[in-house]
**Student:** 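Here's a structure for you.
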Amino acid sequence: MDDLNIPPFFICPISLQMMKDPVTLSTGMTYDRESIDLWLFTYKRNACPITKQPLTDFSLTPNTTLLRLIQSWCNDNSSKIISMVERTTPTFDISIFCKLLDEVREPKSQISLIKSLRKIRSVIEESDGNRSYPKEAGVVSLMASLITDADPQEMWHLGDSLETTEEAMNVLFALKPSPESLKKVTEETKGKIVDSLSWVMQRGSYHARIHASLLLKSIFKEVEDKYKTGLKPEIFDSIVEILKDQNSSRAKKAALVILMEVIRMGRNMTRAVEAGVVAVIVELLAEMNERQSCEIMLRVLEVMCMRAEGRTALAAHPASVAVVSTKILRVSQVANERAVNVLLQLCRFCAEGGVVKEMIEVGGAAMVVLVVQAQCSRKAKEMAKEILGLHLRTWSKSICFPAHLLP
């Protein structure tokens, strides 16, 4: 808008740009809200930028008259304006937000706390720009403390307590905290936030369960291994519940990523097996054709096959070999490698359990031969050849094995 003759009183004295949301300080000077917010609350200045007068009142009063003049001028010059000024006035006000935080820190009642949390979340969600100050003000740590303060058994019996935890978690999710800040709050709560989010993921409302799973996914991608070991069985129960849910693909993917991050740690594999993770993944994989989800599920099964309890649980499922075999040559090269590796682990260690016979009956053996013949990766071919080296002599004697596929 350099070619336009912009009225000088439309220009913010700080940014030297035309104001989008003019607000007036107690000194009578007007600035664009974004610029004066940075001046006062990010850079911690306590004087008016123009008059240099010390401020005791930091409230910002919307200058609606000036805003209407700016909007009218923009309408009259719309054909010449490259960047249109936003027509809606941001509602974020630092002073009001601080009052809400005070109400959360010292609530008059559980109900008032819940209402304040909802208002905070509403303010944050109005605009991406509304997340900056809350993060600076320590809202991430405050919400984490609220989430971990309530005892799970207490939440189960007291509806308000559960609702408070959910609302605090919803605020935390709305803030879109950085990986570093999530790692920090996990350390500050000594890992307790993991237990609390796991409980919400299992027992919370629909949206709360989704938010909890997405937050846990981000946490486990950042924290040290000590926070991934010794997880309580409830987290694996909650993962199973999420995976069974037919409505939320985002939460399912998050639950699968959580499994990938933690399943190799400590007794997590045993607890996952006991919770029924293998069965639910096999059943979900049978219905799934989307590439990324299939690859993640096959990776989880691949990791589980590295331990005896995982292989035993997978071999015991009546559809496991058939389902894994159907993903070969139908999803991606990555899926090919992972599916063939799963079959290789079963053929190596579970051959006496009927896996070799089942490979013939469900077409798994034929798919392994096709991997050797098709344009697959070198890694997939090598694993397929190893499977054939183990059992081809047995399979070639079966009337169910397609003779034309023999190498």
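Start at 1 with the first residue, then count along the sequence.
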**Student:** For the residue pair I210 and F173, establish whether any side-chain heavy-atom pair is separated by less than 4.5 Å.
**Tutor:**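 No, side chains not in contact.
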
**Student:** L216 versus S198: any side-chain heavy-atom pair under 4.5 Å?
**Tutor:**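 Of all side-chain heavy-atom pairs linking S198 with L216, at least one is under 4.5 Å.
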
**Student:** Which residue pairs pass the side chain to side chain donor-acceptor pair (under 3.5 Å) test when at least one of the two sits in residues 297-314, sequence neighbours left out?
**Tutor:**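 For residues 297-314, and leaving out neighbouring residues, the side chain to side chain donor-acceptor pair (under 3.5 Å) pairs sorted by first residue read T270-E309, R299-E302, E302-N341, R307-E309.
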
**Student:** Checking side-chain polar atoms at under 3.5 Å, does N170 have a donor or acceptor matched by the opposite partner on H207?
**Tutor:**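 Side chains of N170 and H207: no pair found under 3.5 Å.
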
**Student:** Are L117 and L146 packed together at the side-chain level, in the sense that at least one heavy-atom pair is separated by less than 4.5 angstrom?
**Tutor:**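 Yes, their side chains come closer than 4.5 Å.
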
**Student:** Is there side-chain contact between E34 and Q17, with heavy atoms separated by less than 4.5 Å?
**Tutor:**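 Not in contact.
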
**Student:** Any side-chain heavy atom of S320 within less than 4.5 Å of one from V278?
**Tutor:**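 Counting from C-beta outward, S320 and V278 never come under 4.5 Å.
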
**Student:** Mind listing the closest non-hydrogen atom pair of K252 and I242 along with its distance?
**Tutor:**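 Closest heavy-atom pair between K252 and I242: CG-O, 3.7 Å.
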
**Student:** For residues 217-225, please give each side-chain donor-acceptor pair under 3.5 Å, one per line with the distance, not counting sequence neighbours.
**Tutor:**
residue	atom	partner	partner atom	Å
S218	OG	L214	O	3.2

**Student:** V300 and side chain to side chain contact (heavy atoms under 4.5 Å, CB included): which partner among M260, E295, R338?
**Tutor:**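 For V300, the side chain to side chain contact (heavy atoms under 4.5 Å, CB included) check succeeds only for M260.
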
**Student:** Would you say the side chains of T164 and Q110 form a donor-acceptor pair under 3.5 Å?
**Tutor:**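 Short answer, yes.
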
**Student:** Taking D57 for its side chain and S26 for its backbone only, find out whether a donor-acceptor pair lies under 3.5 Å.
**Tutor:**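 Checking the backbone N and O of S26 against the side chain of D57, no donor-acceptor pair under 3.5 Å is found.
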
**Student:** Go through it in stages, so that I can follow the logic: the residues are I14 and D32, the test is side-chain contact (heavy atoms from CB on, under 4.5 Å), and I'd like the CA-CA distance, side-chain angles, deciding distance and then a yes or no.
**Tutor:** CA-CA 8 Å; I14 298 175; D32 191 49; over 6 Å; no

